[in-house]
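Report on the following structure.
Values reported hereafter were calculated over all heavy atoms of this structure, with side chains retained and with hydrogens, waters and symmetry mates removed. Predicted model only: the values in this text are computed from it and were never measured.
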Amino acid sequence: MASLVSSPFTIPNSKVDQLSSISQKHYFLHSFLPKKSGQPNSKSPLKFKCAAIGNGLFTQTTQEVRRIVPDKSQGLPTVKIVYVVLEAQYQSSLSAAVQTLNRNGQFASFEVVGYLVEELRDVNTYKTFCKDLEDANIFIGSLIFVEELALKVKSAVEKERDRLDAVLVFPSMPEVMRLNKLGSFSMSQLGQSKSPFFQLFKKKKSSAGFADSMLKLVRTLPKVLKYLPSDKAQDARLYILSLQFWLGGSPDNLVNFVKMISGSYVPALKGMKIDYSDPVLYLDTGIWHPMAPCMYDDVKEYLNWYATRRDASGKLKDPNAPVIGLVLQRSHIVTGDESHYVAVIMELEARGAKVIPIFAGGLDFSGPVEKYFIDPITKKPFVNSVVSLTGFALVGGPARQDHPRAVEALMKLDVPYIVALPLVFQTTEEWLNSTLGLHPIQVALQVALPELDGGMEPIVFAGRDPRTGKSHALHKRVEQLCVRAIKWAQLMKKSKTEKKLAITVFSFPPDKGNVGTAAYLNVFASIYSVLKDLQRDGYNVVGLPETAEGLIEEIIHDKEAQFNSPNLNIAYKMNVREYQALTPYATALEENWGKPPGNLNSDGENLLVYGKQYGNVFIGVQPTFGYEGDPMRLLFSKSASPHHGFAAYYSFVEKIFQADAVLHFGTHGSLEFMPGKQVGMSDVCYPDSLIGNIPNVYYYAANNPSEATIAKRRSYANTISYLTPPAENAGLYKGLKQLSELISSYQSLKDTGRGAQIVSSIISTAKQCNLDKDVELPDEEAEIPAKERDLVVGKVYSKIMEIESRLLPCGLHVIGEPPSAMEAVATLVNIAALDRPEDDIVSLPSILAQTVGREMEDVYRGSDKGILRDVELLRQITDASRGAITAFVERTTNSKGQVVDVAGKLSSILGFGINEPWVEYLSNTKFYNADREKLRVLFRFLGDCLKLVVADNELGSLKQALEGKYVEPGPGGDPIRNPKVLPTGKNIHALDPQAIPTTAAMQSAKVVVDRLIERQKVDNGGNYPETVALVLWGTDNIKTYGESLAQVLWMIGVRPVADTFGRVNRVEPVSLEELGRPRIDVVVNCSGVFRDLFINQMNLLDRAVKMVAELDEPVEQNYVRKHALEQAKELGIDIREAATRIFSNASGSYSSNINLAVENSTWNDEKQLQDMYLSRKSFAFDCDAPGAGMTEKRKVFEMALSTADATFQNLDSSEISLTDVSHYFDSDPTNLVQNLRKDGKKPSAYIADTTTANAQVRTLSETVRLDARTKLLNPKWYEGMLSSGYEGVREIEKRLTNTVGWSATSGQVDNWVYEEANTTFIQDQDMLNRLMNTNPNSFRKLVQTFLEANGRGYWETSEDNIERLRQLYSEVEDKIEGIDR
């Protein structure tokens, strides 16, 4: 699904005329580009190349637009200046300064050439840069913070540094700052602890304070230094003055700057008296308005001026007008590059909003925000919403951020905080043509980092002119930004009774049994509790039924309709003419869907909006994606679009119902996955068109930060996290329970004569439970020597323990109902099981193991091998952990089971050593003398965690968002690994994408990779796997800080290298000696979400693989090189292209859609699913042409996959396992690889499970069995689900459907899994009736799935069973159709 305005280079060897049909029709393109003022100068030799061709990088501009060569006829000495900057705002100012100097032609002619740091990626540009330095006099650099480019600048300038007359580097990375030299002044000490500058860098606490302390220094030092006699002091003074001139940025300041430096340091001008004036200083921070006579330092003075403006319309005089605060970058104002700021101010004022535009010169805006936006007396904000037009994090800009400080300032301010983006590294045309949208480095600096401050709505509002480098407003985007900012501001102004809210629920896959799907959430019970709360709070909610069940009935029609009406409740019928009038982009959808109304969400004449209105609240059902009925169509369509019904729904919400805000309820809908640019959308990107101007609040599962981030970036959502249901241990049932009892009797009686007899019962029971697939069992009759009996029992015991202690989320979460303390016990036990060295916390199992003189790691290893003693010890440790934590929790709760005043109770518990409940509990076990101090540290931490688990802020945050307040940001992820995820109800963000993989992630990755390779050698006749095909998921890498990313790096034998700021943008190879094995080749399939969030890391991986392919090593030690050489030869391409291994979907498209086909049973055979995978997943990322986005390289993809000996995926948290979601089998290439391999051998399939402290690598079939035993077939799990009623039946059906998905893609599901499921749900008459009556639609799908599993040959069973299912199917059909026989 490439974006609409797709660029020619996404189609290999394309001609420009193959541009997508829409951009040829020139539908919307004109709307972005600023109006042309007059014809450009025709003599200008500069031809601007379009981004479609060229070097495959993001920017095609070159230094030549910034080169000024003087007329040398006057015989004056020439001074040549070369500069490198991050952004282009200095270009026009510096060019003007040099032209002025050359016009006056007094003492020298000036030649100047400038580079944007991003252009240095291009090989030829870099060569020219080095050449320009060879005869330069002065080098200037500023804001160089991208490591790989900083190193390029450093190596080029270093060669010439001694020869250059002056080198000036303003705030940049230390590596580049060390290049500074002015006479005797240098910064070569920078980075050694003695240097004062380094002390500034070191201050972690006030990181952005670096820039501020530098500014203070700049203010005071010149005055002090003036009176110091030494040359060194004078040189330092001139450096500081230079910085003042530079930060002053205006052409006049830069004229004097150039005069001062060349007069003082260029030998040819020595002895001439060159006068320069002191820098014109502007305020460091203040308020600036284009119409104001001056900059203001006092907000009251500014507001007085504002009130007396003659040019202001009546609307602006209205005391109730919304007030929008703007945050601007001072350098744009002083260099005169501020037209895009003016456009935003004018647009806001034209729409009746007042503005307070503030600026700061440093990189810390938290001070100015508090100073100018908050009334010092009342402490209330002057503004109703804030828009930062800088694009940077509030504190620290592109350098080192201080998010806690930013959040603190924004919490004080307490209004919505929007961070819009000016294009920095691309010109307007390049951005428009790019399917990726924004440049990855800009996404990292200006989208990901502001999100950590709680920033939202990354709308691109300004472009860049390729010739002058000046910013210009993109009018349609500025309009979108301003209207949305005003809408957020109005949420604070409007009364609750007036406010209208549209709650949107999802129905996926489309079926009446599926309305209100969301991960881990009981949707209708949650909506009911939200509405009750809003009603109490004064919102106008009318006619709400008595119960949540009543709510379901009204939306899915009245009670009878559950059986006899196929339709949902219709809230509105929109005729075609009205639809076209309300939906400006409707014609663009006709290419895919024909003329409206079409056949989805329509009755043939009108488009139908499903849902029901309760006063000022509308509950609507989001239409489905549209391809479910015909996935084959999606298979061949590269671009797609929403259907007319989808567009009509959002037009209704915005323009007919006129919602003040929309609340998307639960994880997740399809709006944010609609085609368009990945980040930084234009007005032809569907998510942007669909959401329109409505503020979007989105409840998202706390454990899914990656998809939440896509919702933030593509549908401008304020994402509020909700808790996943509390986890419990899976426990044992039926035969498994019997086995466990047999094992305990074996342990007490093994030395009597009955040992042998009990072992044979254990063996036969284990076989009945199908454990013989997981554990090698001897025959029941066989004589087993006494010594070996322990091992047989130990292995079975170990397996049972694994099943029993598996964590399950039980039931579904309801918003506003935090877990009770006892429900939190299992979560705390798991939090306590992890060592946290960074907080000096030792895990509870480790403390207990050390008490009996063992290391926990050894106990885990022994238990895995089935050593009976270790299995038993592990069980004792597990039981003791649970007991100690239960005792602790019981002491902090009241009779109702709620946690009361944890702090008070804890201090009394922690105050006295003797009656600590955990010590009391352990005193009756073998661990009675466990280390008291370590336990106290651990339980203090667990006490904090307990408070967070039971805190309830999900409703509170929603109400804050609806009242136009700031929602505190917080990380998403797994609460067990990272308790900072709690309490929920935070605005979820991912992490700084350049921060991964961390060192800890690299450590864990090595363990898993080594176990994987060991396991594969055992299964593969002692040979190393040559290639592993694996999947990278967005969420997993956020939760684990890049563990699976690190696994790929370790397989090929490279390690990441972090820069001064701890950002990872480089890798280096590990020597073969250190690696101790061959480098393993990889085929990496990145999920669409990973591609969107971690494009920098895809670049890193691609560079790593290509670097390894080019190493001069023997091929039997480097499989990457071995395969790349073979493939290069066969395909006739160079080795770098042949070493392409990093694949994903085309930009803007997600998943292989095998899951859609399986969920809707619309596929013929497995080959068809494999074709789907190949055609959707064969787009490669190329680090040599990162700007080209994803390019199709199917041949290389197939050849690389055909060498795979193993496929591999990671499970990283307890609540999502293989059959819980369809994503896992959707990305599984096991059967596909078998078809591609020349020898037709099936690859081994492995799953790494890092959900507990004891990381495991299991085969896929073992994991599927474990999953079936702990979830689908486990009474504890399905009863927990059924307690949620309607939604629970669907959850059971979903697990079975996903199991069929695994049969289809890997063939690794045992027959008994289906057989047992049939026994549990179909042959048990009571169960059958419960399912049928609770949710007949989902039950019908369950029966259909059983029949399908049999029909496709995945389940062999008796004819009676099949007959019974067919009969049931027609019964349910009749019941749903309402025919009672």
Determine yes or no for a side-chain-to-main-chain donor-acceptor pair under 3.5 angstrom, with [X] supplying the side chain and [Y] the backbone.
{"X": "S721", "Y": "K986", "value": "yes"}
{"X": "S1217", "Y": "T1219", "value": "no"}
{"X": "T1250", "Y": "L1211", "value": "yes"}
{"X": "S526", "Y": "I815", "value": "yes"}
{"X": "S1284", "Y": "E1287", "value": "no"}
{"X": "D1310", "Y": "V1313", "value": "no"}

If we check side chain to side chain contact (heavy atoms under 4.5 Å, CB included) with E1315, which of these qualifies: T1357, N770, T1320? T1357

Side-chain heavy-atom pair P1336, K1375 within 4.5 angstrom cut-off: no

Side chain proximity check, L1368 to I1322, heavy atoms < 4.5 angstrom: yes

State plainly whether the residues [X] and [Y] are in salt-bridge range, i.e. N to O under 4.0 Å.
{"X": "D1326", "Y": "R1330", "result": "no"}
{"X": "R1366", "Y": "E1363", "result": "yes"}
{"X": "K737", "Y": "E804", "result": "no"}

Under the criterion side chain to side chain contact (heavy atoms under 4.5 Å, CB included), I'd like the reasoning laid out for T504 against V621: C-alpha separation, chi angles, the key distance, then a yes or no. CA-CA 6 Å; T504 298; V621 181; over 6 Å; no

Tell me if the centroids of the rings in Y1224 and W1302 come within less than 6.0 Å of each other. no

Candidates F1321, Y1314, W1355, Y1369 - the one meeting ring pair (Phe, Tyr, Trp, His ring centres under 6.0 Å) with F1346: W1355

Look at the rings of Y698 and F506 and say which category their plane angle falls in: under 30° parallel, 30 to 60° tilted, over 60° perpendicular. tilted

Apply salt bridge (Lys or Arg N to Asp or Glu O under 4.0 Å) to E802 and R806, showing your working. CA-CA 6 Å; E802 178 177 80; R806 190 89 174 150; over 6 Å; no

Any salt bridge (charged side-chain N to carboxylate O under 4.0 Å, His left out) involving residues 1267-1278? Give me the pairs, sequence neighbours left out, ordered by first then second residue. E728-K1276, D774-R1269, D1220-K1271

